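On a predicted model such as this, the values are computed, not experimentally measured, just so you know.
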Protein chains: 2
Amino acid sequence: MKSMNVCKTCSLSSKTVFGSLTTEESEQLEANLECYEYKKGEIIYKEGSRITGFYCVKKGVFKIYKTGIDSKPQIVAFAQKGDITGYRSVLSNEPACTTVESLEDSEVCYIPSSLIFEFIRKNSNFALSLIQLTCKELNTANDLIKDIAQKTVRERLAETLLMLDQTFGKDEEGFINVNLTREDISSIIGTATESVIRILSEFKTDGLISLKGKKIGIGNYSKLESISNSFLK
Amino acid sequence: MKSMNVCKTCSLSSKTVFGSLTTEESEQLEANLECYEYKKGEIIYKEGSRITGFYCVKKGVFKIYKTGIDSKPQIVAFAQKGDITGYRSVLSNEPACTTVESLEDSEVCYIPSSLIFEFIRKNSNFALSLIQLTCKELNTANDLIKDIAQKTVRERLAETLLMLDQTFGKDEEGFINVNLTREDISSIIGTATESVIRILSEFKTDGLISLKGKKIGIGNYSKLESISNSFLK
DNA sequence: CGGAACTTTGACACGTCTCAAATGCCGTGG
DNA sequence: CCACGGCATTTGAGACGTGTCAAAGTTCCG
């Protein structure tokens, strides 16, 4: 599944921290990239394994999760085009604390850690970008803690639907453009799969969303927002 | 409450990121520090406010929380001697995402952000230390997400007691050395105060802990660990 | 010593989980 | 291209954990 095509996505994307690199550094990055393809359901790396570089998503979507009680996964984030994963473990030099698995056929670029550390040493803007990236994720994580701890399953589901809609956009038919099972959704929220299904049915009955197979389309944003914020309680 | 005594705690403590500074930089740090005192219950900064520097705890304990539904606080971390708070907002140049409040009479050093950014620019080791600090916290936060989402209140309380014991140690009588109300504990776990009280009573009845006023002492570590990990389920 | 804040206990309602079974969907192989 | 098997989804019933409200008891601090 390895292909040695050079990838310009990473170094050129202003979304990634690599936007802080100088021209020479970008060229150096290009020269040291390795691209890989992953079929749906394949795993880049598992929790506990040693990883030796960053993975920058070129195409597709990945779910990032920790394994909890009874091997039940807890999804803590997603990664799609332009997102980087694996950086936490590389930078803190610890085993991977999450598992990364593709939700569809995907491609990623691998950037060896030696190169990353060289950039950090030489380019303080790059270091600062990395710092800001982790700080942003830290804040997101803290918000999630608050939400999970204080909101009901119903509220969290409403919020999660809005988050998914915003993160992945819509397909031609207006459905959220990501391929998640009901079980995946329950792993985001931290609840039973059946609870997700039941509340989704309610939302549909109330005209808030439309369902077609496993696809979900949001019909009434403001009401979902109200529910997610508990204004209706 | 401001006192201009220079503080050696920050720059000398190997626990903090300031351990990565050179000798000259440490001196520069010392020269620019400002120390403040906070009485029990006082607030360093509130969620949403602009903060202009790091706060390094010299003495005492602070709770760090986000305000959620119905103004209910959600504690996401603590800070005690050698810990730094405020860095996330400073580094990502955003308003504070948490409120920091002292649990006892405390002292902190304030380090202006201009100095921090100068150190980042000049000293890649310092930048790397900061990166690793945020990465570590990010992992902690992700673990917390998994725990809150998947564990019962009972399990989380057991886990929280062990965490508090490890974080704050014991006083002369063997009780956990931190001054938390039952409500504070419920704000860590994300549950009702009454639930905390009820389960604490059970734990006491089962001989796992001892209670004296609001103080809590752990008697049976291994059993609490079992409960927190759901091995007994 | 008094009052406010905190802790404790009880009763009850409700949300959510678990278990079970039926149905629907989809990819694989014949 | 269809049939099959397996996996995902859906629905129902019942049990259990947890939240809410109320009231009494206790501790802490001025």
Side-chain angles (χ1 to χ4, degrees), chain A residues 39-42 63 68-70 72-74 103-105 147-158 160 175 178-205 209-216 227-228 230 232-233, chain B residues 39-41 63 68-74 101 103-105 147-158 160 173 175 178-205 209-216 227-228 230 232-233:
Chain A
K39 292 218 177 61
K40 177 180 172 179
E42 279 192 311
K63 60 178 175 183
I69 318 291
D70 297 330
K72 196 177 180 215
Q74 177 66 37
L103 291 172
E104 52 188 74
D105 293 355
D147 286 346
I148 294 183
Q150 297 195 347
K151 291 186 176 179
T152 64
V153 170
R154 181 191 196 76
E155 290 162 355
R156 277 181 274 155
L157 179 54
T160 298
F175 294 105
V178 66
N179 188 16
L180 293 175
T181 66
R182 302 290 190 251
E183 198 179 352
D184 283 330
I185 296 176
S186 77
S187 297
I188 304 172
I189 296 173
T191 187
T193 309
E194 295 93 327
S195 295
V196 170
I197 290 166
R198 256 181 264 272
I199 300 173
L200 280 178
S201 301
E202 284 181 46
F203 285 172
K204 185 186 180 185
T205 303
I209 61 173
S210 55
L211 298 175
K212 182 180 176 186
K214 62 172 55 172
K215 288 187 288 185
I216 303 172
I227 292 177
S228 77
S230 315
L232 295 181
K233 271 188 88 172
Chain B
K39 292 219 176 64
K40 177 180 173 178
K63 59 178 174 183
I69 318 290
D70 297 331
S71 309
K72 196 177 179 212
Q74 176 67 37
E101 180 180 335
L103 291 171
E104 53 188 72
D105 294 355
D147 284 346
I148 294 184
Q150 297 195 346
K151 291 185 176 180
T152 64
V153 169
R154 180 192 198 73
E155 290 162 355
R156 278 181 274 154
L157 179 54
T160 298
E173 296 179 281
F175 294 106
V178 65
N179 188 14
L180 294 174
T181 65
R182 301 292 191 250
E183 197 179 354
D184 284 329
I185 296 176
S186 77
S187 297
I188 305 171
I189 295 173
T191 188
T193 308
E194 295 94 326
S195 295
V196 169
I197 290 166
R198 254 181 266 274
I199 300 174
L200 281 178
S201 300
E202 284 182 46
F203 284 172
K204 185 185 178 183
T205 303
I209 61 174
S210 55
L211 298 174
K212 183 181 176 185
K214 63 171 57 171
K215 288 186 287 185
I216 303 170
I227 292 177
S228 77
S230 314
L232 294 182
K233 270 189 90 172

N/O contacts under 3.5 Å, protein versus nucleotides 6-16 of chain D?
{"from": "D:dT9", "atom 1": "OP1", "to": "A:R182", "atom 2": "N", "distance (Å)": "3.0"}
{"from": "D:dT9", "atom 1": "OP2", "to": "A:R182", "atom 2": "N", "distance (Å)": "3.2"}
{"from": "D:dT10", "atom 1": "OP2", "to": "A:R182", "atom 2": "NE", "distance (Å)": "2.9"}
{"from": "D:dT11", "atom 1": "OP2", "to": "A:S201", "atom 2": "OG", "distance (Å)": "3.1"}
{"from": "D:dG12", "atom 1": "N7", "to": "A:R198", "atom 2": "NH1", "distance (Å)": "2.9"}
{"from": "D:dG12", "atom 1": "O6", "to": "A:R198", "atom 2": "NH2", "distance (Å)": "3.1"}

What is the minimum heavy-atom distance between [X] and [Y], and which atoms define it?
{"X": "B:G213", "Y": "B:R182", "answer": "O-NH2, 3.2 Å"}
{"X": "A:K214", "Y": "A:N179", "answer": "CD-OD1, 3.5 Å"}
{"X": "A:L211", "Y": "A:F175", "answer": "C-CE2, 4.4 Å"}
{"X": "A:I188", "Y": "A:I148", "answer": "O-CD1, 4.5 Å"}
{"X": "B:R156", "Y": "B:G190", "answer": "NH1-O, 3.8 Å"}

Under 3.5 Å, which protein N or O atoms sit close to an N or O of nucleotides 2-5 of chain C? Give each pair with its distance.
none

[X] [atom1] to [N] [atom2]: how many Å, rounded?
{"X": "B:I185", "N": "C:dC6", "atom1": "CD1", "atom2": "P", "result": "13 Å"}
{"X": "A:N179", "N": "C:dC25", "atom1": "CG", "atom2": "P", "result": "16 Å"}
{"X": "A:K151", "N": "D:dG19", "atom1": "NZ", "atom2": "P", "result": "17 Å"}
{"X": "A:I189", "N": "C:dC17", "atom1": "CD1", "atom2": "C1'", "result": "15 Å"}
{"X": "B:Q150", "N": "C:dT16", "atom1": "CD", "atom2": "C1'", "result": "15 Å"}
{"X": "B:L157", "N": "D:dG17", "atom1": "CG", "atom2": "P", "result": "15 Å"}
{"X": "B:R154", "N": "C:dC17", "atom1": "CZ", "atom2": "C1'", "result": "17 Å"}
{"X": "B:I216", "N": "C:dC6", "atom1": "CD1", "atom2": "P", "result": "16 Å"}

### Message
Angle between the two end axes of the helix from C:dC1-D:dG30 to C:dG30-D:dC1, five base pairs per end, rounded to 10 degrees?
### Response
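For the helix from C:dC1-D:dG30 to C:dG30-D:dC1, the axes at opposite ends meet at about 50°.
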
Can you list everything that forms a side-chain contact (heavy atoms from CB on, under 4.5 Å) with [X]? Sequence neighbours excluded, please.
{"X": "B:K72", "answer": "A:Q150"}
{"X": "B:S186", "answer": "B:E183, B:T191, B:T193, B:V196"}
{"X": "B:D147", "answer": "B:K151, B:E159"}

### Task
Can you establish whether the number of heavy atoms outside A:K215 located under 6.0 Å from its atom NZ is more than 12?
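Buried by this count: over 12 neighbours within 6.0 Å.
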
### Query
Within the side chain of A:D105, is there an N or O that forms a donor-acceptor pair under 3.5 Å with the backbone of A:K40?
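Yes, A:D105 side chain to A:K40 backbone: donor-acceptor pair under 3.5 Å.
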
### Approximate separation, where rounding is to 0.5 Å, of A:T152 OG1 and A:I199 CD1
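So the gap between those two atoms works out to 7.0 Å.
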
### Task
Please state whether the phosphate of D:dG17, meaning OP1 or OP2, lies under 4.0 angstrom from any side-chain nitrogen or oxygen of B:S195.
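Answer is no, no contact under 4.0 Å.
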
